[in-house]
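In the text below, chain A, chain B and the rest are named by the order of the sequence lines, each starting its count at 1.
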Amino acid sequence: MKKLILSDIHEKLGGKMVDFAGYYMPVQYDGVKVEHTNVRENVGVFDVSHMGEFVVTGEDAIAFIQKTTSNDPSLLMDGQIQYSCIPNDDGGIVDDLLIYRFSANKFLLVVNASNIEKDWAWLNSKNDTSADLRNMSDFWSLFAIQGPNATKVLQRITDVELGKMKYYTFQRGKLAEVKDVLISATGYTGAGGFEIYVKNDDALKVWEAIMKAGELEGIKPTGLAARDTLRLEMGYALYGNDIDDTTSPMEAKLGWVTKLSTDFSSVELFRKQKENGVATKLVAFELIDRGIPRKDYVIVSENDETIGRVTSGTMSPTLNKAIGMGYVENDFSKVDSEIYIKIREKKIKAKVVRLPFVSPGV
Amino acid sequence: MNIPAELKYTKDHEWVKLEGDVATIGITDFAQGELGDIVYVEVETIGETLEAEEVFGTVEAVKTVSDLFLPLPGEVLELNTTIEDAPETVNEDPYGEGWMIKMKVSDVAAFEALLSADDYKELIA
């Protein structure tokens with residue numbers, strides 16, 4: 001198991017540590033509900049240094065990214081960020097990722113920790129251009145400062161005008177006296193805020209500065225458990241749960257990042273999926289009767305026929321309702337459709353709802 | 001870690017208090033900490049007579065779900081109504097207000113074979 005630069009700090013802060021994607025990570029500190037609510041209403045900080053970062057440079061950088069990702073990176077201007085997928089050759093998803101454009105010749109790809117090795121091998125195997133790929137994952141740390149008070153807190157330690165930054169843009173500037181920090185107006189919580197990329201050598205200094213800057217507001221370190229409930233309330237897909245090598249972006253409602261007019265390598269497959277339709281769709285649902293849906297629970301119809309499976313589920317701390325996502329056959333994918341979750345041999349009634357479960361603060 | 005000396009324990013992280021042939025059962029401080037925020041306790045075996053080690057209910061936390069095993073053979077008598085309305089009581093007071101069920105024990109001698117506080121402390125060390 002790999003340690004984060006600050007794993008020991010998290011342990012000292014009372015973090016309950018687990019192995020997540022091969023990293024020694026804090027799953028919670030004070031408790032998932034407290035941490036969750038603190039992010040929705042105030043400000044919390046996550047150490048998500050496990051995430052992977054690949055830098056793509058060279059004249060062919062854009063051509064390479066255009067070929068290997070499903071959204072249209074040619075739409076990006078310098079300083080903008082795009083959500084996208086790396087499609088495989090079988091109609092599934094290698095990974096979902098963020099693409100940062102520094103310049104026409106330099107991009108950053110931010111990928112899931114659990115997929116770093118797989119993505120690295122896949123992208124290199126597809127690189128028949130002169131684009132240069134560098135895996136920076138082991139050299140950078142990443143902190144997410146999320147919540148309605150994130151801007152106020154972070155502004156105390158940077159001269160970058162955070163209030164002027166648009167969602168899905170980034171800037172480089174001085175933060176906590178460290179030069180050239182990458183400040184990104186992104187997050188995985190729907191609560192607003194920033195993600196800060198720093199070199200490992202600066203990680204401790206920046207973490208301490210963030211904690212100190214948020215003292216007045218009561219900034220809290222926040223673990224993976226709250227990260228999961230926060231993202232699920234927004235309906236953000238989690239790779240390994242809601243999307244994987246076998247699920248199509250068309251099924252996963254990621255058609256908006258699958259630009260069929262572009263010429264990424266397996267686009268023809270996805271054009272066919274679009275034309276012929278897909279058999280199942282990822283839907284959001286809430287439980288009407290009592291129970292909590294969990295990954296891999298079976299979804300059935302009123303007549304007990306299997307119609308799908310749960311991919312994510314939890315008790316929403318904000319709504320105090322049991323919520324989830326899962327794939328169901330098309331006939332059951334419309335909003336208000338009645339579906340049933342099999343929980344320990346019982347059929348628990350649920351209904352398909354619109355996303356997000358909770359209105360985002362961004 | 002709070003492990004009251006006067007109680008008996010199981011390897012499934014439950015505690016047992018015996019008064020006559022009625023046992024009160026809950027989960028340990030360690031167990032509630034591992035589970036995290038508990039959102040409800042489901043017990044649908046009230047009135048049923050079960051063997052030791054049989055599942056008598058489940059506890060749902062935000063993050064995970066876990067079965068509850070009957071530590072002793074006998075009949076499940078009642079579920080603590082406090083935790084039906086306020087499941088967080090299990091987190092706040094696992095050995096007191098957060099108890100889970102009462103049961104009528106059919107083999108009282110089996111109580112003595114459960115783990116002592118010291119045994120349990122060693123188990124979770």
Side-chain angles (χ1 to χ4, degrees), chain A residues 14-18 20 25-40 222-233 238 241 286-287 289-297 310 312-324 341-348 357, chain B residues 1-3 12-13 27-48 50 53-70 76 79-94 97-98 100-101 123-125:
Chain A
K16 193 167 110 190
M17 309 298 284
V18 295
F20 181 82
M25 306 268 302
V27 66
Q28 68 168 55
Y29 304 81
D30 293 352
V32 54
K33 277 197 207 170
V34 175
E35 292 165 31
H36 178 110
T37 307
N38 183 59
V39 169
R40 279 273 174 266
T222 313
L224 290 170
R227 186 168 158 85
D228 189 49
T229 52
L230 287 157
R231 69 93 193 167
L232 187 49
E233 284 185 348
L238 172 62
N241 277 45
E286 56 183 52
L287 264 55
D289 293 333
R290 203 165 80 149
I292 298 183
R294 310 277 180 191
K295 183 175 187 283
D296 295 332
Y297 284 7
V310 175
S312 287
T314 194
M315 188 74 160
S316 156
T318 305
L319 304 172
N320 206 24
K321 270 186 198 168
I323 60 170
I341 315 299
K342 265 291 192 25
I343 303 183
R344 295 182 289 280
E345 300 308 308
K346 276 195 302 187
K347 265 170 68 183
I348 306 294
F357 293 104
Chain B
M1 189 65 59
N2 184 9
I3 307 174
D12 301 312
H13 309 288
I27 63 168
T28 63
D29 191 26
F30 175 79
Q32 70 77 20
E34 288 296 301
L35 286 166
D37 290 316
I38 291 166
V39 288
Y40 75 83
V41 179
E42 186 176 71
V43 174
E44 294 193 323
T45 51
I46 291 166
E48 288 180 32
L50 304 173
E53 305 282 304
E54 278 197 81
V55 173
F56 72 86
T58 49
V59 53
E60 293 265 13
V62 172
K63 192 70 192 152
T64 186
V65 58
S66 182
D67 283 332
L68 295 163
F69 300 95
L70 208 62
V76 181
L79 169 68
N80 178 4
T81 51
T82 304
I83 64 171
E84 278 191 294
D85 302 332
E88 64 277 10
T89 314
V90 179
N91 293 114
E92 290 158 2
D93 189 10
E97 293 295 309
M100 287 186 170
I101 58 160
L123 179 80
I124 61 173

**Prompt:** What option among A/Gly31, A/Ala322, A/Gly291, A/Ala225 has the most heavy-atom pairs under 4.5 Å with chain B?
**Reply:** A/Gly291
So which donor and acceptor atoms of chain B and chain A come within less than 3.5 Å of each other?
{"residue": "B/Gly33", "atom": "O", "partner": "A/Lys16", "partner atom": "NZ", "Å": "3.4"}
{"residue": "B/Glu34", "atom": "O", "partner": "A/Lys16", "partner atom": "NZ", "Å": "2.7"}
{"residue": "B/Asp37", "atom": "OD2", "partner": "A/Val32", "partner atom": "N", "Å": "3.3"}
{"residue": "B/Asp37", "atom": "OD2", "partner": "A/Lys33", "partner atom": "N", "Å": "2.7"}
{"residue": "B/Tyr40", "atom": "OH", "partner": "A/Gly291", "partner atom": "N", "Å": "3.2"}
{"residue": "B/Glu42", "atom": "OE1", "partner": "A/Arg344", "partner atom": "NH2", "Å": "3.3"}
{"residue": "B/Glu42", "atom": "OE2", "partner": "A/Lys346", "partner atom": "NZ", "Å": "3.3"}
{"residue": "B/Glu44", "atom": "OE1", "partner": "A/Lys346", "partner atom": "NZ", "Å": "3.0"}
{"residue": "B/Glu44", "atom": "OE2", "partner": "A/Lys346", "partner atom": "NZ", "Å": "2.9"}
{"residue": "B/Thr58", "atom": "OG1", "partner": "A/Arg344", "partner atom": "NH2", "Å": "3.2"}
{"residue": "B/Glu60", "atom": "OE1", "partner": "A/Arg294", "partner atom": "NE", "Å": "3.2"}
{"residue": "B/Glu60", "atom": "OE1", "partner": "A/Arg294", "partner atom": "NH2", "Å": "2.4"}
{"residue": "B/Glu60", "atom": "OE2", "partner": "A/Arg344", "partner atom": "NH1", "Å": "3.4"}
{"residue": "B/Glu60", "atom": "OE2", "partner": "A/Arg344", "partner atom": "NH2", "Å": "3.3"}
{"residue": "B/Ala61", "atom": "O", "partner": "A/Arg294", "partner atom": "NH2", "Å": "2.7"}
{"residue": "B/Val62", "atom": "O", "partner": "A/Arg294", "partner atom": "NH1", "Å": "3.0"}
{"residue": "B/Val62", "atom": "O", "partner": "A/Thr314", "partner atom": "OG1", "Å": "3.1"}
{"residue": "B/Lys63", "atom": "O", "partner": "A/Arg294", "partner atom": "NH1", "Å": "3.4"}
{"residue": "B/Thr64", "atom": "O", "partner": "A/Arg294", "partner atom": "NH2", "Å": "3.0"}

**Residues B/Val39, A/Ile292; criterion side chain to side chain contact (heavy atoms under 4.5 Å, CB included); working and verdict** = CA-CA 9 Å; B/Val39 288; A/Ile292 298 183; 3.1 Å; yes
